[in-house]
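Worksheet for the structure shown next.
Side chains are part of it too, since the values below use all heavy atoms of this structure and drop only hydrogens, waters and symmetry mates.
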Amino acid sequence: MQIAAEDVENAQITPIHGRGALDVVRCGARGATLRRIAAAGLKTPAGLILSADFVQSFDPSAPGPDFSRAMSDLLAESGPLTLRPSPARRRSGEGAAIRDLADVEAVAAAIAKAREGYDSITGRTLRAAMGLDEKAGLALVLQSMAAAPDRVWFRRPADGWPEIKLQRGRFPIDAVPVDLGIRLEALFGDAVEVQAALGPEGLIILDAYPAAFAPRAGLKVAVDLAQRGAITREQALMRVDPTALTDELHPRLAAGNEASPLARGLAASPGAATGPLVFSAAAAEHAAAQKTPAILARVETGPEDIRGMHAAAGVLTIKGGLSSHAAVVARGLGRPCVVGPQGLTIDRDARALILADGRRLQEGAALTIDGTAGAIFEGAAELTPPEPSAAFALLMGWADEARRMRIRANTDTPEEARIARRLGAEGIGLCRTEHMLFAPGRQTQMRSLILSETAADRETALAALLAWQRDDFTELFEIMRGLPVIIRLLDPPLHEFLPRRPSAIRALAEALGRSEADVARRVEELREFNPMLGMRGCRVGVTQPDIYAMQARAILEAAADAAAKTGEPVTPEIMVPLVSAKREMEILKDVIDGVAAAIRRERGDVVPYRVGAMVETPRAALRADAIAETAEFLSFGTNDLTQMTYGLSRDDAGRFMRDYVRQEVFPEDPFRSLDMEGVGELLSLAVERARRARPDVMMGICGEHGGDAASINFFERSGFDYISCSPFRVPAARLAAAQARIATRSEAG
């Protein structure tokens, strides 16, 4: 073992005990780790590291005098040896340790055997599957054999709390120094597990490696390390997966649930829920009134199901994708949701869920859904309630200090607005006013407005809707108390408010005092072949401006009332949906400004407000410069923009999207994570052109991509001012925005 210190870095045979860090590529992860442990004064057996170059060229039939001398010296000092693999990346096909090597010839044969196993077809295939160089070299570590080695960890895997445990109990737990875990975390800047044994002078460490934790535990570990100064706050932020934060906010299946799922679908909204199975919004509301929130199962949901979704414990839809109505609304409400399960159908007449094997679950049967995993289970599984931790709160504070983009929430109700504030939203980025109009009484008035044949009937319906909308907006502004609120004017096609079934048409005719035939005729006249590309969004406002005028008045009067009540300023931001042309924006801004002028005459003043456009069509993105001349802000609805750019239905794409991703047609579901190449290029062009025309234009994202970490990284680099997402995704968005900012600054130097 006579190796000069200055030759250590380049030596083919290197002692474990020595000065200076070792190169992981040459000496492997285990070799470099043991050098750090020894250099820190922690106990590890003396030994040698054989470099990857040495192992690759080693000839066991002619090992050479230097090798023979080094091995003889080590054997004389340490006794029988153990040879352990030390690849640059652990668990990359390195094979097991070879023990009880008592002479030089045995060591030489063991080296050849270890190299042969590492270079086998199995080992190379594994490395290729991991994205590693299949020809990467293998270093080896030789140390004295240790009696009764055991695995020791210093934190509980489930929650990250400090606790010393042994896997097999091969030596007394009090042999482990109480401060060893802290010393190792300070040394490696990470929580580790060790392989250790009890020697004559106490505990000796044979290896150390990163500990494996549940996501919730990883969050606590990162925060603990930062608080102790083992890593920086920025490093802590970068270590936590934003999606892991959902464990802090939603119920989840209790540990030990071993039931096999009835079916699997898309994980549309995280968390788990259990309850009786129901098939209508009314049944979900009835179950909630009986204090037994249900699992609402539908073929697909629409705006008329909103109240039932509020009342339900969870939502299951036979059709749908990750940006379907059910998925978007469930995420906003914080309800677990699974969409598009394979093999399930609903028999509406029999009120039964039909399984792939033909079995039927009748209404009232207990069902559990796991929206985090996209799984459906029969019966009532045990759930673990959400418990936001102190570490969660600390990490969120650090994230807010680090990020640049503001984080808003998509909310439609007072309940959602309160949740959004509690979870750190800095305003509302999208309030969908149509969701406020589907309550039974309001829906009748909305239908009366749509089907009205006289100016008087229309004015009566508008007056009733104005009062309701003003009350809605006043409560929303009061809850947000001075934070910005973007309210989108009516967006869906008007026919969505009209009844479809003959019984509902009959009931509406009776309520309106008109004949059933007359109402049925008008409903049919208003039906569209492709309503999502028909009379919706700003097209309703251009052709029926009194609807948008009513909503603008409700918004501005509510803002004034809320400001007077709370004493805090309210600046409403009124958004025009589905704009494709500058002229649409000009016409509707004139309508809104005219309403503001009328309010000023009536009340003596009007609150400050801004008018902006929702960019959802490729043309709007390409013409963002022209639209920005009139719009004071642009909010990009990436759900519809993705749908229109691809020509994909976001409600139906879930049926084949898994096959497309599996066959690498798409790298990822474009409704889950932003398509950087196509939709992303449209966004980049829009930002560049809009800022050129109007440098102070505010730009944000209000599609569901606003809650996706990879997409948020793109939005940070593209210069967006804010992102808006479902309330329960706000914490993940706050963290992802911080990570994107840190990464961008790091790249810039």
Pairwise distance CD1(Ile701) to CD1(Ile723) - rounded to 0.5 angstrom: 8.5 Å
Within residues 533-558 or reaching into it, pairs that qualify as ring-ring contact (aromatic ring centres under 6.0 Å, His included) - sequence neighbours excluded: none
Distance, nearest 0.5 Å, that separates CE of Met309 from OG1 of Thr301: 4.5 Å
Flag side-chain contact, heavy atom, 4.5 Å: Leu219 against Leu245: yes
Intermediate values then yes/no, side-chain contact (heavy atoms from CB on, under 4.5 Å), Ile712 and Gln739: CA-CA 9 Å; Ile712 289 170; Gln739 291 175 340; over 6 Å; no
Arg335 side chain vs Ala312 backbone, donor-acceptor pair below 3.5 Å: yes
Residue pairs passing the side chain to side chain donor-acceptor pair (under 3.5 Å) test where at least one lies in residues 683-693, sequence neighbours excluded: Arg691-Asp721
Nearest-0.5 Å distance that lies between atom CZ in Phe728 and atom CD1 in Ile419: 4.0 Å
Pairs satisfying side chain to side chain donor-acceptor pair (under 3.5 Å), at least one member in residues 611-627, at least two apart: Ser580-Thr617
Tyr646 and Phe666 aromatic centres sub-6.0 Å: yes
Salt bridge (Lys or Arg N to Asp or Glu O under 4.0 Å) partners of residues 314-324, not counting sequence neighbours, each pair once: none
Nearest heavy-atom neighbours spanning Pro572 and Ile555: CB-CG2, 3.7 Å
4.5 Å side-chain heavy-atom contact, Phe392 and Leu395: no
Nearest atoms (heavy-atom pairs only) where Leu316 meets Pro341: CD1-CG, 3.8 Å
Charged N-O contact under 4.0 Å between Arg672 and Asp708: no
Exercise: identify the closest heavy-atom pair between Gly429 and Arg408: N-CB, 3.5 Å
Non-hydrogen atoms of Val328 and Arg432 that approach each other most closely: CG1-NH1, 3.4 Å
Within 6.0 Å of CD in Glu664, more than 12 heavy atoms from elsewhere: no
Flag, side chain of Ser746 to backbone of Ala743, donor-acceptor distance under 3.5 Å: no
Inter-residue atom distance Met699.CE - Phe633.CZ, 0.5 Å rounding: 13.0 Å
Ring pair (Phe, Tyr, Trp, His ring centres under 6.0 Å) against His310, all qualifying residues, sequence neighbours excluded: none
Thr642 and Leu648: CA distance, side-chain angles, deciding distance, side-chain contact (heavy atoms from CB on, under 4.5 Å) verdict: CA-CA 8 Å; Thr642 298; Leu648 278 175; 6.0 Å; no
Backbone of Cys725 reached by a side-chain donor or acceptor of Arg331 within 3.5 Å: no
Nearest-0.5 Å distance, CD of residue Gln551 to CG of residue Leu556: 11.5 Å
Glu416, Glu573, Met436 screened by side-chain contact (heavy atoms from CB on, under 4.5 Å) with Cys431, the one that passes: Met436
Contact summary for Leu296 and Ala281, nearest pair of heavy atoms: CD1-N, 4.0 Å
Separation of Asp412 CG from Leu476 CG (nearest 0.5 Å): 9.0 Å
Neighbour count >12 (heavy atoms, 6.0 Å) for atom CZ, Arg658: yes
Student check: side-chain heavy atoms of Met480 and Arg421 closer than 4.5 Å: yes
Student check: side-chain heavy atoms of Leu674 and Val679 closer than 4.5 Å: yes
Sequence-distant partners of Phe636, ring pair (Phe, Tyr, Trp, His ring centres under 6.0 Å), two or more places apart: Phe720
Donor-acceptor under 3.5 Å (Glu426 side chain, Ile407 main chain): yes
Residue pair Arg447 / Leu498, side-chain heavy-atom distance below 4.5 Å: yes
Pair Ile627-Val615, side-chain contact (heavy atoms from CB on, under 4.5 Å): steps then yes or no: CA-CA 9 Å; Ile627 294 171; Val615 178; 5.6 Å; no
Main-chain N/O of Gly320 paired with Glu300 side-chain donor or acceptor, under 3.5 Å: no
Arg298 (side chain) donor-acceptor with Phe279 (main chain) under 3.5 angstrom: yes
Check: Ile547 and Leu449 side chains under 4.5 Å, non-hydrogen atoms: yes
Sidechain-backbone polar pair: Asn639 side chain, Glu704 backbone, donor-acceptor under 3.5 Å: yes
Close side-chain approach of Thr571 and Val607, heavy atoms under 4.5 Å: no
Partner set under ring pair (Phe, Tyr, Trp, His ring centres under 6.0 Å) for Phe656, not counting sequence neighbours: Tyr660
Considering all heavy atoms, the nearest Leu490-Met446 contact: CD2-CE, 3.7 Å
Test ring pair (Phe, Tyr, Trp, His ring centres under 6.0 Å) applied to His495 - qualifying residues, sequence neighbours left out: none
Verdict with reasoning, Met585 to Val611, per side-chain contact (heavy atoms from CB on, under 4.5 Å): CA-CA 9 Å; Met585 195 64 210; Val611 180; 3.4 Å; yes
Any side-chain heavy-atom pair of Ile450 and Leu526 under 4.5 Å: yes
Pairs touching residues 586-596 that satisfy side chain to side chain donor-acceptor pair (under 3.5 Å), sequence neighbours left out: Arg583-Glu586, Lys589-Asp593, Asp593-Tyr609
Expected output: side-chain Thr433 to main-chain Arg488 donor-acceptor under 3.5 Å: yes
Short side-chain to backbone donor-acceptor contact, Asp305 and Gly302, under 3.5 Å: yes
Residues Arg694, Asp696; criterion salt bridge (Lys or Arg N to Asp or Glu O under 4.0 Å); working and verdict: CA-CA 6 Å; Arg694 187 175 192 149; Asp696 65 341; 3.5 Å; yes
Residue Glu747 excluded, over 12 heavy atoms near CD under 6.0 Å: yes
All pairs passing side chain to side chain donor-acceptor pair (under 3.5 Å) where residues 527-539 contributes a residue, at least two apart: Asp491-Arg536, Glu524-Arg527, Arg536-Asp640
Sequence-distant partners of Arg745, side-chain contact (heavy atoms from CB on, under 4.5 Å), two or more places apart: Glu234, Arg741, Ile742
Residue pairs passing the ring-ring contact (aromatic ring centres under 6.0 Å, His included) test where at least one lies in residues 686-708, sequence neighbours excluded: none
